[in-house]
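Notes follow once the structure below has been shown.
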Amino acid sequence: MAELQEVQITEEKPLLPGQTPEAAKEAELAARILLDQGQTHSVETPYGSVTFTVYGTPKPKRPAIFTYHDVGLNYKSCFQPLFQFGDMQEIIQNFVRVHVDAPGMEEGAPVFPLGYQYPSLDQLADMIPCILQYLNFSTIIGVGVGAGAYILSRYALNHPDTVEGLVLINIDPNAKGWMDWAAHKLTGLTSSIPEMILGHLFSQEELSGNSELIQKYRNIITHAPNLENIELYWNSYNNRRDLNFERGSEITLKCPVMLVVGDQAPHEDAVVECNSKLDPTQTSFLKMADSGGQPQLTQPGKLTEAFKYFLQGMGYMASSCMTRLSRSRTASLTSAASIDGNRSRSRTLSQSSESGTLSSGPPGHTMEVSC
């Protein structure tokens, strides 16, 4: 009789009753894939249904990163290049993420019936408490672009205790004036809805250059199966109310804010004006050269560095490696402090691809950033 050999099997993880090691590995892999793809939910609100996708699991005593996209986009086309960027992985491992799709903007969304009353931007902001209640999340760090930046700002004004910080890209806090309305109507006579939206998203220089990025997004918007829905969101954005920010008044953002805009972007002047109206001790202003109208698409690396420093300033990710952006910021702050003495703490980050430039702004520390 052949000699029996004793074989010892060590399990890294306990198996369920009747579960083979192969089945356990398959289940673990499926769970990872599901986690990577996110879990999509829909909730009913007083203004209709809203869809959102959650990535990761809640971390104790940490807010959720909560994103809201611009007109003509959904959460994937607006934020995927940023959140899939390599250096961003260090951030997203530390936070659960919630990506909201405005009503009718999610993939596969049916076209709203003729005469449907699309929510105003204020009403879209009022949907957010329903999402947080559904997820049982108490606080967020908002990341918004364009219309999404306005929506998150409106929400923060109404619910300041639930917002720990805001990253606002291309925000225009002002309602359209009569001149704006006249220009918008005139443009509508000669341009299609997709072309007007592209002019909102990208600079004229970018549109004229017709790069692969522009061709991609022109194709996405022009051939969108839900173009009628996109037009409704566009109309709500153009009918927005003034946020009425006023430095020193009660109508202001109470949390740390990072304003971001590309150099010569369509909304550069609006963001600069917004910066002048917010609390300088709470606001950072990042003006990015060579980024065009959508810095989260064209410069995800630089925006990731800025976001990481922003989180560190809020007390999160303190052990994270200091990036070139934060090293440069620290050196400039030290230099500015020795010169400016007791001037205020407002921060202006003026960034270019080669070297930093001094940016005019309210009295305070001006940081020269080199990336």
Side-chain angles (χ1 to χ4, degrees), residues 37-38 40 50-55 64-85 88 91-92 95 97-109 121 124-125 127-128 131 140-153 155 166-172 193-194 196-203 206-207 211-227 229-234 236-237 258-262 265-267 271 286 288 291-304 306-307:
Q37 291 179 341
T40 300
V50 61
T51 300
F52 52 94
T53 304
V54 181
Y55 289 82
I65 293 176
F66 191 99
T67 74
Y68 217 116
H69 62 87
D70 203 353
V71 176
L73 309 173
N74 57 29
Y75 92 84
K76 289 184 177 180
S77 57
C78 189
F79 290 110
Q80 266 193 349
L82 176 63
F83 283 95
Q84 290 183 351
F85 188 76
M88 179 62 79
I91 295 176
I92 64 179
F95 296 89
R97 289 178 289 146
V98 182
H99 297 288
V100 179
D101 280 317
M105 304 302 128
E106 66 274 15
E107 291 183 345
L121 294 197
L124 292 176
M127 291 180 170
I128 294 176
I131 298 173
I140 65 170
I141 296 173
V143 182
V145 181
Y150 179 102
I151 291 166
L152 290 175
S153 297
Y155 172 76
L166 288 173
V167 177
L168 304 176
I169 304 171
N170 296 337
I171 184 171
D172 187 345
I193 293 296
M196 287 194 290
I197 293 175
L198 285 166
H200 161 79
L201 296 173
F202 300 100
S203 68
E206 289 177 288
L207 295 174
S211 65
E212 289 186 10
L213 179 72
I214 298 301
Q215 294 177 37
K216 173 185 175 180
Y217 280 84
R218 177 176 279 116
N219 183 66
I220 288 174
I221 296 171
T222 302
H223 299 100
N226 62 336
L227 185 57
N229 296 356
I230 294 174
E231 183 176 358
L232 293 176
Y233 188 20
W234 174 240
S236 288
Y237 176 71
M258 182 168 73
L259 299 175
V260 183
V261 69
H267 307 285
V271 179
L286 179 61
M288 299 179 65
S291 65
Q294 299 292 309
Q296 81 282 4
L297 302 179
T298 59
Q299 297 283 2
K302 292 179 182 178
L303 189 54
T304 296
F307 189 32

Are [X] and [Y] side-chain neighbours, meaning at least one heavy-atom pair lies under 4.5 Å?
{"X": "Ile171", "Y": "Ser153", "result": "yes"}
{"X": "Asp70", "Y": "His200", "result": "yes"}
{"X": "Ile197", "Y": "Trp234", "result": "yes"}
{"X": "Gln296", "Y": "Cys78", "result": "yes"}
{"X": "Leu198", "Y": "Ile214", "result": "no"}
{"X": "Asp172", "Y": "Tyr150", "result": "no"}
{"X": "Tyr68", "Y": "Leu124", "result": "yes"}
{"X": "Leu213", "Y": "Tyr217", "result": "yes"}

May I ask you to check whether over 12 heavy atoms, not counting those of Glu212, lie within 6.0 Å of atom CD?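 Incorrect, the count does not exceed 12.
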Check [X] against [Y] and note the closest heavy-atom contact, atom names and distance.
{"X": "Ile221", "Y": "Gly72", "result": "CG1-O, 3.5 Å"}
{"X": "Val50", "Y": "Phe52", "result": "O-CD2, 4.0 Å"}
{"X": "Gly104", "Y": "Ala109", "result": "O-CB, 3.5 Å"}
{"X": "Gly199", "Y": "Pro266", "result": "O-CG, 3.7 Å"}
{"X": "Asn74", "Y": "Met105", "result": "CB-O, 3.3 Å"}
{"X": "Gly293", "Y": "Ala265", "result": "CA-CB, 4.0 Å"}

Can you tell me how far [atom2] of [Y] sits from [atom1] of [X], rounded to the nearest 0.5 angstrom?
{"X": "Gln299", "Y": "Thr304", "atom1": "CD", "atom2": "OG1", "answer": "10.5 Å"}
{"X": "Ile131", "Y": "Thr51", "atom1": "CD1", "atom2": "OG1", "answer": "9.0 Å"}
{"X": "Leu82", "Y": "Ile169", "atom1": "CG", "atom2": "CD1", "answer": "7.0 Å"}
{"X": "Asp101", "Y": "Tyr233", "atom1": "CG", "atom2": "OH", "answer": "9.5 Å"}
{"X": "Ile65", "Y": "Ile92", "atom1": "CD1", "atom2": "CD1", "answer": "8.5 Å"}
{"X": "Ile151", "Y": "Leu121", "atom1": "CD1", "atom2": "CG", "answer": "5.0 Å"}

Full working for side-chain contact (heavy atoms from CB on, under 4.5 Å) between Thr53 and Glu106: CA-CA 10 Å; Thr53 304; Glu106 66 274 15; over 6 Å; no
Evaluate side-chain contact (heavy atoms from CB on, under 4.5 Å) for Ile128 paired with Val100, printing each intermediate quantity in order. CA-CA 9 Å; Ile128 294 176; Val100 179; 5.9 Å; no
Whether His99 and Tyr75 hold their rings parallel, tilted or perpendicular, with breakpoints at 30° and 60°: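 The arrangement is parallel - the two ring planes meet at less than 30°.
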Measure the acute angle between the ring planes of Phe83 and Phe79, then classify it against the limits of 30° and 60° as parallel, tilted or perpendicular.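 Taking Phe79 first and then Phe83, their aromatic rings stand perpendicular (interplane angle over 60°).
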Would Leu73 and Gln294 count as a side-chain contact (heavy atoms from CB on, under 4.5 Å) if you check the C-alpha gap in whole Å, the side-chain angles of each, and the deciding distance to 0.1 Å? CA-CA 12 Å; Leu73 309 173; Gln294 299 292 309; 4.3 Å; yes
Trace of the side-chain contact (heavy atoms from CB on, under 4.5 Å) decision for Val98 with Ile140: CA-CA 9 Å; Val98 182; Ile140 65 170; over 6 Å; no
Of Leu297, Asn170, Leu201, which is the lone residue that meets side-chain contact (heavy atoms from CB on, under 4.5 Å) with Val145?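 One option only clears the test, and that one is Asn170.
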